[in-house]
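This report refers to the structure that appears directly beneath it.
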Amino acid sequence: MDLLADLNEPQRQAVTCPGGPLQVLAGAGSGKTRVLTYRVAWLIASAGVSPQEILAITFTNKAANEMKERIESLVGPVARTMWVSTFHAACARILRKEAPHLGYMNNFTIYDTADQVRLVRRCLKELDLDIKRFTPKGIHAVISSAKNQLIGPQEFTGMVDGFYDDTAARVYELYQKMLFTNNAMDFDDLIMLTVTLFKAFPERLGHYQHSFRHILVDEYQDTNHSQYRLVNLLGRQHRNVCVVGDDDQSIYSWRGADIRNILDFEKDYPDAMVVKLEQNYRSTQTILSAANSLVCNNSDRKSKKLWTDAGEGEPVRVVAVSDEHAEARFVAGEVNRLRGEGIPPGSVAVFYRINAQSRVLEDIFVRYGIAYRVVGGTKFYERAEIKDAIAYLLLIDNPADSVSFMRVINSPKRGLGQAAVTALAGYAGSEGITHLEAAARADRIAAIRPAARKSLKAFQALITDLAAATASSPVAATIEAMLAGSGYLDMLKAERTIEAEGRIENLQELVGVAAEYDQRAVGGSLRGFLQEISLYTDVDKLAVEQEAVTLMTMHNAKGLEFPAVFIIGAEEGIFPHSRSLEEQNLEEERRLCYVAMTRARRRLYFTHATTRNLYGGRSYNMASRFIEEIPARLTRVEAEPGTRTVSGGHYGKPVTPVPDAGSAAGTFFHAGDNVVHAAFGEGVVTRVEPGGGVTVRFSRDGSERTLMVEYAPLKKV
């Protein structure tokens with residue numbers, strides 16, 4: 001009874017289900033983890049189930065370890081004999097015993113992602129295929145997707161349509177042979193080969209079916225086809241299969257997750273007991289009602305309605321701004337204001353749909369001295385593709401920069417091995433010339449092969465031509481020419497992965513940064529641009545002990561919670577993303593919005609801009625349909641003067657004006673603040689001007705200058 005004392009009635013029903021198939025539909029913040037751990041503890045303590053007869057599956061090693069600790073705290077050390085692990089870890093443990101049935105030795109190696117991509121590269125070379133056209137990462141992604149669908153090389157070959165997939169099939173066949181020859185498996189093999197084992201050797205399946213009387217699976221909405229088949233095979237004998245999840249939080253179809261697994265559970269198990277956990281212990285009722293109203297627009301879902309006894313709370317704030325800079329200033333201003341309400345920056349999160357959206361936020365936060373951290377990603381100017389692009393630009397501006405030369409000489413790949421690069425550096429040193437000049441004389445370096453010499457001379461010509469053009473070209477045009485001429489964009493396009501698409505978006509955003517600079521900088525130059533962005537790349541100087549605002553994509557927000565949440569860029573084409581509309585995947589985008597909304601405990605904001613510069617181009621956007629799907633009675637609509645608010649149920653509702661962005665910007669600086677300017681150096685604020693201006697005395701020459709904070713590359717230090 002002690003186990004049940006802290007549970008509500010639906011939670012008790014789930015925990016004490018005597019046996020048979022059980023589906024727990026756990027709404028956001030409803031105590032899912034508690035139910036899962038308490039059920040395991042109840043099975044051991046009250047139902048007479050041996051810990052060795054329980055298989056509990058989670059999606060991360062961290063979650064598995066936490067579950068073990070929680071169960072042990074409830075029933076004692078006996079819980080250590082349970083199988084609590086990820087899908088891959090459980091399958092690896094089975095295959096360590098059973099691998100000889102499939103022709104593998106028990107000491108097989110498990111290749112990590114880097115090993116897998118290297119092996120695909122080797123296969124491409126052996127098949128004499130163009131690695132630039134068929135990138136190892138892209139081909140690997142195709143193979144991985146096939147394995148997650150339990151499609152082997154022969155079956156895949158028989159179903160391909162198109163030259164690219166036909167090529168992938170050839171690589172897949174050779175890749176699998178090489179894995180077998182090396183007595184190695186990749187991550188996807190661990191599940192696929194376990195399913196293969198069970199189908200080919202019924203007696204081995206029977207052994208594990210008998211061993212595991214109870215199977216429990218967390219985050220069932222995130223399972224793919226191979227994981228679904230594994231669970232059903234293992235649970236077929238005793239049918240004590242308990243799955244816990246929330247179809248409204250299924251947001252990973254691009255990773256292979258199949259929402260049908262949770263939606264069709266009752267078709268697989270018609271006698272299943274279904275328990276809905278709808279009491280939320282996280283958010284206010286207003287936030288929950290808004291999330292309920294939104295997700296009810298999906299047709300593929302199990303009906304549930306979140307509620308709480310924590311009170312109504314504040315309305316959802318819907319804020320219309322003029323552009324992405326005003327949006328970032330509004331967020332920064334609210335972060336400052338929330339501090340006065342007892343919500344420190346460390347309790348605030350900003351969610352965005354696309355990684356590139358973080359750039360303007362980061363710039364504004366750096367200027368105003370607001371500490372931040374990027375979760376599940378890298379700060380904009382520290383992303384590899386941005387650092388590569390900046391290295392190209394530094395080399396164009398300063399041909400003697402050997403560090404930048406060495407970073408980009410083989411990015412993208414130019415057929416230059418380490419020996420060739422070392423020989424080039426040695427020649428440059430002996431002749432007293434730059435690396436770029438040495439590249440122009442590659443014909444004189446005997447240690448470099450003819451093909452590599454050609455690549456080096458082409459690279460030198462590209463940098464020289466771009467340098468010559470910078471005097472008359474806008475910086476944005478220089479970056480675009482560099483990305484095209486270097487082959488960097490083509491390299492990413494050829495990869496054909498979601499990650500590569502994100503990197504392309506980030507590079508397009510860098511072009512947008514340069515376009516903004518071109519518009520506002522009188523007599524601007526590539527050197528001036530590089531000097532200005534160096535201000536933003538120096539974010540490590542922010543005090544690490546400060547509480548930091550959390551920035552992340554909505555996909556990374558799942559499982560987290562914050563007192564205050566901002567969902568920025570709530571505009572058609574951004575959120576919902578244009579790709580989801582093209583691929584008719586609107587319902588998953590809506591679920592993503594639901595996940596983002598239900599991370600908020602006390603305050604929830606949506607912002608949308610009339611115009612936005614993203615990917616290097618300016619667009620005029622309508623507010624997201626997701627805002628319009630929230631009842632007007634639950635919102636407070638605000639707008640900058642002259643900006644367009646949302647329509648639908650919000651149209652005609654009283655609109656609260658947002659304070660002038662320029663004036664708000666000025667409030668972040670105070671007389672006596674130490675600041676740094678990209679061009680003028682360090683200085684001290686002597687006074688704050690009306691309308692968002694500050695007067696700064698610069699130490700370099702003693703001059704006083706009045707600058708508009710909104711546009712000046714000025715940062716607190």
Side-chain angles (χ1 to χ4, degrees), residues 27-30 248-249 251 280-297 305-308 310-321 327-328 330-339 341-353 357 361 549-571 574-576 589-609 623-639 645-646 649-650 653 655-656 658:
S30 63
D248 288 334
Q249 296 186 69
I251 59 173
N280 177 280
Y281 294 92
R282 175 188 302 154
S283 308
T284 66
Q285 188 59 55
T286 296
I287 291 171
L288 297 178
S289 296
N292 287 334
S293 298
L294 171 95
V295 81
C296 281
N297 288 279
K305 193 171 184 179
L306 295 178
W307 63 275
T308 184
E312 289 298 315
E314 298 288 323
V316 176
R317 292 177 64 181
V318 177
V319 183
V321 293
E327 177 180 65
F330 169 76
V331 172
E334 281 298 299
V335 169
N336 205 34
R337 192 186 66 78
L338 287 169
R339 193 195 306 261
E341 293 187 11
I343 302 177
S347 297
V348 178
V350 185
F351 299 156
Y352 36 82
R353 178 63 178 83
Q357 286 176 262
L361 274 171
V549 177
T550 298
L551 311 183
M552 65 173 70
T553 65
M554 291 176 228
H555 281 101
N556 283 318
K558 192 164 175 289
L560 303 176
E561 61 180 74
F562 302 88
V565 166
F566 293 81
I567 299 174
I568 67 169
E571 299 142 31
I574 295 176
F575 190 46
E589 286 287 286
R590 188 175 283 112
R591 292 194 293 270
L592 183 59
C593 188
Y594 171 86
V595 167
M597 293 172 71
T598 53
R599 302 309 96 192
R601 291 167 54 189
R602 294 165 53 190
R603 299 282 194 279
L604 176 61
Y605 300 75
F606 281 89
T607 63
H608 63 97
S624 171
R625 69 190 71 192
F626 298 153
I627 294 176
E628 301 199 34
E629 291 171 356
I630 300 171
R633 62 181 172 79
L634 300 173
T635 65
R636 172 186 170 188
V637 180
E638 305 169 47
T645 59
V646 293
H650 301 79
K653 185 177 180 180
V655 177
T656 304
V658 174

Next item on the list: Mind listing the closest non-hydrogen atom pair of R636 and T656 along with its distance?
Entry: NH2-CG2, 3.4 Å

Checklist line | Any donor-acceptor pair under 3.5 Å from E571 side chain to A609 backbone | finding: yes

Next item on the list: Taking all heavy atoms of A28 and all of Y594, pick out the closest pair and write down the distance.
Entry: N-OH, 4.0 Å

Notebook entry, point to check: So which heavy atom on T607 is nearest to which on I568, and how close?
Noted result: OG1-CA, 3.1 Å

Notebook entry, point to check: Under the side chain to side chain contact (heavy atoms under 4.5 Å, CB included) criterion, do T308 and R282 qualify, and how do the steps go?
Noted result: CA-CA 8 Å; T308 184; R282 175 188 302 154; over 6 Å; no

Margin query: If the test is side-chain contact (heavy atoms from CB on, under 4.5 Å), which one of T550, L604, V348 qualifies with F562?
Written below: T550

Check: Roughly how far apart are L551 CG and Y352 OH, rounded to 0.5 Å?
Finding: 5.0 Å

Next item on the list: Give the minimum heavy-atom separation between A557 and M552, together with the two atoms involved.
Entry: CA-SD, 3.4 Å

Check: Quick one: CD on Q249 to NZ on K558, what's the gap to the nearest 0.5 Å?
Finding: 5.5 Å

Margin query: Can you tell whether the side chains of R337 and E341 come within less than 4.0 Å, N to carboxylate O?
Written below: yes

Notebook entry, point to check: With under 30° as parallel and over 60° as perpendicular, where do the rings of F330 and Y605 fit, or are they tilted in between?
Noted result: perpendicular

Next item on the list: Please assess F351 against L560 for the test side chain to side chain contact (heavy atoms under 4.5 Å, CB included), listing each intermediate value before the final yes or no.
Entry: CA-CA 12 Å; F351 299 156; L560 303 176; over 6 Å; no

Checklist line | Under 3.5 Å: donor-acceptor pair, side chain of E312, backbone of Q285 | finding: no

Item checked: Considering all heavy atoms, the nearest R625-P576 contact -> NE-CG, 3.9 Å

Check: Taking NZ, NE, NH1 and NH2 as the nitrogens, is one of them in R353 or E589 under 4.0 Å from a carboxylate oxygen of the other?
Finding: yes

Note to self: Among residues at least two apart in sequence or on other chains, which ones pass ring-ring contact (aromatic ring centres under 6.0 Å, His included) with F606?
What the structure shows: none

Check: Would you say S293 and I630 make side-chain contact, with heavy atoms under 4.5 Å?
Finding: no

Margin query: Could you go through V565 and I287, starting from their C-alpha distance and side-chain angles, then the distance that decides it, and tell me whether this counts as side chain to side chain contact (heavy atoms under 4.5 Å, CB included)?
Written below: CA-CA 11 Å; V565 166; I287 291 171; over 6 Å; no

Next item on the list: Please report the C-alpha distance between R603 and E334 in whole Å, then the side-chain angles of each, then the deciding distance to 0.1 Å, and finally whether the salt bridge (charged side-chain N to carboxylate O under 4.0 Å, His left out) criterion is met.
Entry: CA-CA 11 Å; R603 299 282 194 279; E334 281 298 299; over 6 Å; no

Check: Counting distance only, does the side-chain N/O of E327 pair as donor-acceptor with the main-chain N or O of G569 below 3.5 Å?
Finding: yes

Next item on the list: Run the numbers on R602 and E314 for side chain to side chain contact (heavy atoms under 4.5 Å, CB included), then give the verdict.
Entry: CA-CA 7 Å; R602 294 165 53 190; E314 298 288 323; over 6 Å; no

Notebook entry, point to check: What closest approach, in Å, do L338 and A564 show between heavy atoms, and which atom pair accounts for it?
Noted result: CD1-CB, 3.9 Å

Notebook entry, point to check: Can you tell me if D248 uses its side chain to pair, donor with acceptor, with the backbone of G27 under 3.5 Å?
Noted result: no

Next item on the list: Report the distance from atom NZ of K305 to atom SG of C296, rounding to the nearest 0.5 Å.
Entry: 7.5 Å

Checklist line | Any donor-acceptor N/O pair, S283 side chain to L288 backbone, under 3.5 Å | finding: no

Notebook entry, point to check: So, R599 side chain and V595 main chain: donor-acceptor pair closer than 3.5 Å or not?
Noted result: yes

Checklist line | Point-to-point distance, once rounded to the nearest 0.5 Å, from CE of M597 to CZ of F626 | finding: 10.5 Å

Notebook entry, point to check: Does L294 offer a backbone N or O that forms a donor-acceptor pair with the side chain of N297 under 3.5 Å?
Noted result: yes

